Colleague: 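This structure is in structure tokens; I'll ask about it shortly.
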Amino acid sequence: MAWSGLLLTGLRPSRAMSRCVLEPPSAGKRWLVAGLGNPGLPSTRHSVGMAVLGQLARRLGVAESWVRDPRCAADLALAPLGDAHLVLLRPRRLMNANGRSVARAAELFGLTAEEVYLVHDELDKPLGKLALKLGGSARGHNGVRSCISCLNSSAMPRLRVGIGRPTHRSTVEAYVLGCFSPEEQELLPSLLDGATDLLLAHIRARSQGPSPSP
């Protein structure tokens with residue numbers, strides 16, 4: 001495990017090599033980016049937020065630096081972004097309890113709800129469509145609802161990644177927990193790249209000044 005990424009963000013490895021220990025704050029803004037989903041089901045539509053986090057980690061050069069942190073029941077990867085520092089998070093709890101991991105990590109890193117990005121699937125947008133909004137309701141998404149409850153706030157910025165909606169309402173659960181079709185998988189690389197571009201542009205802008213409108 002290369003720990004240079006941890007040291008760059010003002011963190012050091014613990015003796016157990018499985019936890020991150022917070023050092024005194026360094027210069028630069030900190031952001032937490034959480035990819036919502038179900039651990040062990042990375043290829044499903046419901047876990048597309050985790051797929052975006054994987055692409056983000058690759059883009060930032062920390063794809064091999066994920067560390068399991070039992071304090072927040074999540075995998076973490078840490079990376080610099082200009083003068084800012086990103087904490088990437090993939091919960092190891094089920095979607096309905098993702099908020100417990102997100103809220104605990106925010107507490108550990110001293111971050112407010114406004115400094116926590118949620119990346120999640122969106123039924124009401126066609127596959128390939130992206131939308132970044134600041135705050136708001138859960139819109140029926142159980143992972144977002146969990147985050148709102150555990151953070152006691154709805155102020156988190158959300159990157160909503162469209163997965164489309166099945167024709168029949170009765171098949172929604174099977175649809176979101178199912179894998180992308182071969183045809184849909186052909187669209188995923190550009191979708192993940194676009195989501196990563198949007199996230200990084202928004203975080204860079206917020207790191208440099210007042211929060212922009214999405």
Side-chain angles (χ1 to χ4, degrees), residues 9-11 19-23 25-26 28-39 41 46-54 56-57 66-79 81 84-125 130-161 176 195-196 198-200 202-207 210-214:
T9 56
L11 303 173
R19 299 188 180 191
C20 301
V21 179
L22 191 63
E23 293 285 359
S26 59
K29 188 67 177 171
R30 291 178 185 270
W31 306 98
L32 173 65
V33 186
L36 305 189
N38 287 305
L41 299 172
H46 214 21
S47 295
V48 72
M50 288 184 169
V52 172
L53 263 286
L56 180 60
W66 292 99
V67 177
R68 183 173 184 176
D69 192 326
R71 297 172 301 173
C72 54
D75 293 330
L76 303 179
L78 309 166
L81 182 66
H85 307 300
L86 303 188
V87 180
L88 311 186
L89 181 147
R90 298 185 304 201
R92 282 185 169 266
R93 292 185 170 101
L94 294 177
M95 177 71 87
N96 291 5
N98 274 186
R100 294 169 58 193
S101 294
V102 174
R104 179 62 175 141
E107 179 185 11
L108 289 170
F109 288 92
L111 301 175
T112 66
E114 292 84 354
E115 296 166 327
V116 176
Y117 280 79
L118 306 180
V119 186
H120 63 89
D121 58 301
E122 176 57 63
L123 276 167
D124 291 329
K125 290 191 175 298
L130 302 166
L132 205 158
K133 61 174 293 188
L134 300 180
S137 69
R139 298 173 60 91
H141 193 287
N142 289 333
V144 176
R145 182 180 294 113
S146 174
C147 291
I148 291 174
S149 175
C150 293
L151 286 162
N152 197 28
S153 174
S154 62
M156 298 78 71
R158 295 73 170 292
L159 177 57
R160 299 157 56 201
V161 182
V176 299
T196 300
L198 184 55
L199 265 176
L200 290 176
H202 200 267
I203 293 171
R204 285 190 179 104
R206 292 185 73 199
S207 298
S211 300
S213 299

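Heavy atoms only: backbone and side chains are in, while hydrogens, waters and symmetry mates are out. As the structure is a computational prediction, the values presented were derived from the model and not from experiment.
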Colleague: With side chains defined as the heavy atoms from C-beta onward, is the minimum distance between Leu118 and Leu159 less than 4.5 Å?
Modeller: no
Colleague: Which heavy-atom pair separates Leu32 from Ala106 by the least distance, and what is that distance?
Modeller: CD2-N, 4.0 Å
Colleague: Roughly how far apart are Leu86 CG and Leu56 CG, rounded to 0.5 Å?
Modeller: 6.5 Å
Colleague: Please report the shortest heavy-atom distance between Arg68 and Pro70, naming the atom on each side.
Modeller: O-CD, 3.5 Å
Colleague: Tell me, do Phe109 and Leu89 make a side-chain contact under 4.5 Å, heavy atoms counted?
Modeller: no
Colleague: Which of parallel (below 30°), tilted (30 to 60°) and perpendicular (above 60°) describes His141 and His46?
Modeller: tilted
Colleague: So that I can tick it off, tell me whether Glu115 and Lys29 are bridged by a salt bridge, with the cut-off set at under 4.0 angstrom between side-chain N and carboxylate O.
Modeller: yes
Colleague: Kindly compute the distance separating CG (Leu198) from NE2 (His202), expressed to the nearest 0.5 Å.
Modeller: 7.5 Å
Colleague: Which is it for His85 and Leu78 under the side chain to side chain contact (heavy atoms under 4.5 Å, CB included) test, yes or no, and what are the steps along the way?
Modeller: CA-CA 7 Å; His85 307 300; Leu78 309 166; over 6 Å; no
Colleague: Knowing that exactly one of Leu36, Leu88, Asp75, Val48 qualifies, which makes a side-chain contact (heavy atoms from CB on, under 4.5 Å) with Leu53?
Modeller: Leu88
Colleague: Side chain of Ser153, backbone of Ala113: donor and acceptor closer than 3.5 Å?
Modeller: no
Colleague: Are the side chain of Arg93 and the backbone N or O of Gly99 linked by a donor-acceptor pair below 3.5 Å?
Modeller: no
Colleague: When you check the side-chain N and O atoms of Asn98 and His120, is any donor under 3.5 Å from an acceptor?
Modeller: no
Colleague: Tell me if a side-chain donor or acceptor on Asn38 pairs with a main-chain N or O of Met95 at a distance below 3.5 Å.
Modeller: yes
Colleague: Would a 4.5 Å heavy-atom cut-off, applied to side chains only, mark Arg160 and Leu130 as touching?
Modeller: no
Colleague: Determine yes or no for a side-chain-to-main-chain donor-acceptor pair under 3.5 angstrom, with Ser101 supplying the side chain and Ala74 the backbone.
Modeller: no
Colleague: With a 4.5 Å limit on heavy-atom distance, are the side chains of Val33 and Val119 in contact?
Modeller: yes
Colleague: Check whether any side-chain N or O of Ser207 sits under 3.5 Å from a backbone N or O of Ile203 as a donor-acceptor pair, and report yes or no.
Modeller: yes
Colleague: Is it true that Arg104 and Glu107 make a salt bridge, defined as a side-chain N closer than 4.0 Å to a carboxylate O?
Modeller: yes
Colleague: Does the side chain of Glu122 come within less than 4.5 Å of Val161's, by heavy atoms?
Modeller: no
Colleague: Taking C-beta and beyond as the side chain, do Glu114 and Pro157 meet within less than 4.5 Å on heavy atoms?
Modeller: no
Colleague: Do you know the tightest heavy-atom contact between Arg100 and Ser146?
Modeller: N-OG, 4.1 Å
Colleague: Surrounding CZ of Arg145 (heavy atoms of other residues, nucleotides or ligands, distance under 6.0 Å), is the total greater than 12?
Modeller: yes
Colleague: Any chance you could lay out the side chain to side chain contact (heavy atoms under 4.5 Å, CB included) test for Arg139 and Val144, step after step, and finish with the verdict?
Modeller: CA-CA 8 Å; Arg139 298 173 60 91; Val144 176; over 6 Å; no
Colleague: Begin with the C-alpha distance, continue with both residues' side-chain angles, and end with the deciding distance and a verdict on side chain to side chain contact (heavy atoms under 4.5 Å, CB included) for Met156 and Tyr117.
Modeller: CA-CA 6 Å; Met156 298 78 71; Tyr117 280 79; over 6 Å; no
Colleague: Can you check whether Ser154 reaches Ile148 side chain to side chain, under 4.5 Å on heavy atoms?
Modeller: yes
